[in-house]
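The block underneath contains the structure these notes are about, expressed in structure tokens.
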Protein chains: 2
Amino acid sequence: MPTLPKPLRPRKTPRQKRSEETRELILESAARVFAEHGYAAGTTNRIAEAAGLSIGSLYQYFPNKDAILLQLARRHLDEGRLAVAAAFAAGPPATWRERVTVLVDTALSVHRGDPRLHQVLFEESPRPPALLAELRALQDDLVDRLTALLRADAAPGAPDPRLTAWFLVAAVESLTHRYLADQPTRDRSAFRDELVALLTGHVLSAGARPAEPPA
Amino acid sequence: MPTLPKPLRPRKTPRQKRSEETRELILESAARVFAEHGYAAGTTNRIAEAAGLSIGSLYQYFPNKDAILLQLARRHLDEGRLAVAAAFAAGPPATWRERVTVLVDTALSVHRGDPRLHQVLFEESPRPPALLAELRALQDDLVDRLTALLRADAAPGAPDPRLTAWFLVAAVESLTHRYLADQPTRDRSAFRDELVALLTGHVLSAGARPAEPPA
DNA sequence: GACAATAGTGAGTAATTGCTCGTTTTTGTA
DNA sequence: TACAAAAACGAGCAATTACTCACTATTGTC
């Protein structure tokens, strides 16, 4: 008798290097197919074809279509987590202008790939609650960090710092995404500067009082 | 012989009052079904069932599933167009704070219905290019109006007023939508005030110089 | 070269879904 | 009541699609 009656859902654990490469190939192809055709028309057969594999092989590596999508989405989230961690690794920058700039640049770089794919992953497709929870956790973490910074700098009568922090995060994310989704006729650095100015101004007027212009 | 060999796609022209009511009933049911199940799982059979009609009747009134969705989306757009027109009907308010307040309140009221339906209509479903064009036209119209107002008030060295106007429109739309999509733990008026403050501050610092605080 | 573990294949299946069309029911009018 | 126009019906068809499984091919090891 074989080792086990049935290897259950997760099909194949990579033993040979070839296997890992194939897995990667499927994910890359899926990213392209989803970006081009959207979620519904991004069929598993199409993905397999784009990868130059048979449909059977695809199902050796992923238990179902949504698992492929989920994996792609998680990678995007990980990228985001990494970017946030890196930005705060050596302590936050001294001025709010610099802090906001870091946020904006991070968002731009995370979204620099295909914005259409991002849209499919996080808006168009049926996102499982677990994924939404992760996304939310990432955002909340950022909001927490910024709230702490705001509290440290706040003038006594300043308004709710958590709300201000939420606005920072939401505005950076939403507006970056929207900017990239509209074909950007406007140039990128103008957008960047305007967004930084918008948010820096708001934070400062909301009661933050750091040593602002040391230069 | 009958009046015409085949009535072609647009199925039924309402003669009896009942017919108009049925059409309306289908749209209302579709709105509920799409909001609850999303686009893909919002099947035409489910919509018919929710309306208490047979599937055949549904197809007497709409040539296909997407036509129902399109009609719902167009109604939302019309609502938006109407709201914008109303806000600017008697000439824009005098101060930028008031102007921004009108924008924010309009966005909140247009989105006050089911935000999930809005998401299905404008993000999740396969939006035909014509619809996207209409949406864009509506936004561009708003941007045009605001740009004109900004130019009238602008200080000489002020930055690109069109970009500022774009930010206003994009920020109001995106942040309102995002606020409603996150379960709003934060209360509505706090959100409203913060958004108004954010955008008013930006417009003024971007070089607008109206007779600001007459009160 | 023998062999077994690993990787790849693709025709076919089961389920779903948008939609048709021949039929029946309801309504308004005489 | 008679009748036709309008409205409603719903079984079932055609197309699509996620996924299976019995099979073949490749690879590494002795």
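Order of the sequence lines fixes the chain letters, A, B, ..., with proteins taken first and strands second; residue numbering starts at 1 for each chain.
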- Starting at CD of Gln60(B) and ending at C1' of dT24(C), how long is that distance when rounded to a whole Å? 13 Å
- Message: Once salt bridge (charged side-chain N to carboxylate O under 4.0 Å, His left out) is applied, what residue pairs with a partner in residues 103-122 of chain A remain, sequence neighbours excluded?
- Response: Asp105(A)-Arg192(A), Arg116(A)-Glu124(A)
- Query: Any ion pair linking Arg127(B) and Glu123(A) (charged N to carboxylate O, less than 4.0 Å)?
  - Reply: no
- Task: Take the protein atom CG of Asn64(B) and the nucleotide atom C1' of dT17(C), then report the distance between them rounded to whole Å.
- Result: 13 Å
- In whole angstroms, the gap separating P of dA18(D) from CD1 of Ile68(A) amounts to 10 Å
- Message: Can you measure Glu49(A) atom CD to dT17(D) atom C1' for me and round it to whole angstrom units?
- Response: 14 Å
- Given atom CG of Asp66(A) and atom P of dT17(D), what is their separation to the nearest angstrom? 15 Å
Please tabulate, for the side chains in residues 32-40 of chain A, all donor-acceptor contacts under 3.5 angstrom to protein atoms that are two or more places apart in sequence or on a different chain.
unit_1: His37(A); atom_1: ND1; unit_2: Val33(A); atom_2: O; d: 3.4
unit_1: Tyr39(A); atom_1: OH; unit_2: Asp66(A); atom_2: OD1; d: 2.6

- Note on the structure: Testing dC19(C), dT20(D), dA7(C) for proximity to the side chain of Ile55(A), the answer is dT20(D)
- Would you check if the side chain of Arg46(A) reaches a backbone N or O of Ala41(A) as a donor-acceptor pair within less than 3.5 Å? yes
- Message: In whole Å, I'd like the distance from the CG atom of Leu58(A) to the C1' atom of dT17(D).
- Response: 13 Å
- Query: Between atom CG in Leu53(A) and atom P in dA25(D), what is the gap in whole Å?
  - Reply: 17 Å
- For Thr147(B), which residues count as a side-chain hydrogen bond (donor to acceptor under 3.5 Å, both in side chains) partner, sequence neighbours excluded? none
- Look at the side chain of Ser54(A) and decide which nucleotide, out of dC19(C), dG8(C), dA8(D), has an atom nearest to it. dG8(C)
- Within residues 33-48 of chain A: residues closer than 4.0 Å to DNA chain D (heavy atoms): Thr43(A), Thr44(A), Asn45(A)
- Task: Check the distance between dT27(D)'s P and Glu21(A)'s CD and give it to me in whole angstrom.
- Result: 12 Å
- Message: Which residues pass the salt bridge (Lys or Arg N to Asp or Glu O under 4.0 Å) test with Glu173(B), not counting sequence neighbours?
- Response: Arg178(A)
- side-chain N/O Ser57(B) vs dC9(D) OP1/OP2, d < 4.0 Å: yes
Result block: side-chain N/O donor-acceptor pairs under 3.5 angstrom for residues 76-84 of chain B, not counting sequence neighbours:
unit_1: Asp78(B); atom_1: OD1; unit_2: Arg81(B); atom_2: NH2; d: 2.8
unit_1: Arg81(B); atom_1: NH2; unit_2: Glu134(B); atom_2: OE1; d: 3.4

- By salt bridge (Lys or Arg N to Asp or Glu O under 4.0 Å) - contacts of Arg145(A) (at least two apart): Asp141(A)
- Between Tyr59(B) and dG10(D), is there a side-chain N or O to OP1/OP2 distance below 4.0 Å? no
- Could you give the angle between the helix axes at the two ends of the helix from dG1(C)-dC30(D) to dA30(C)-dT1(D), with five pairs per end, rounded to 10 degrees? 0°
- Listed partners of Glu49(A) passing salt bridge (Lys or Arg N to Asp or Glu O under 4.0 Å), at least two apart: none
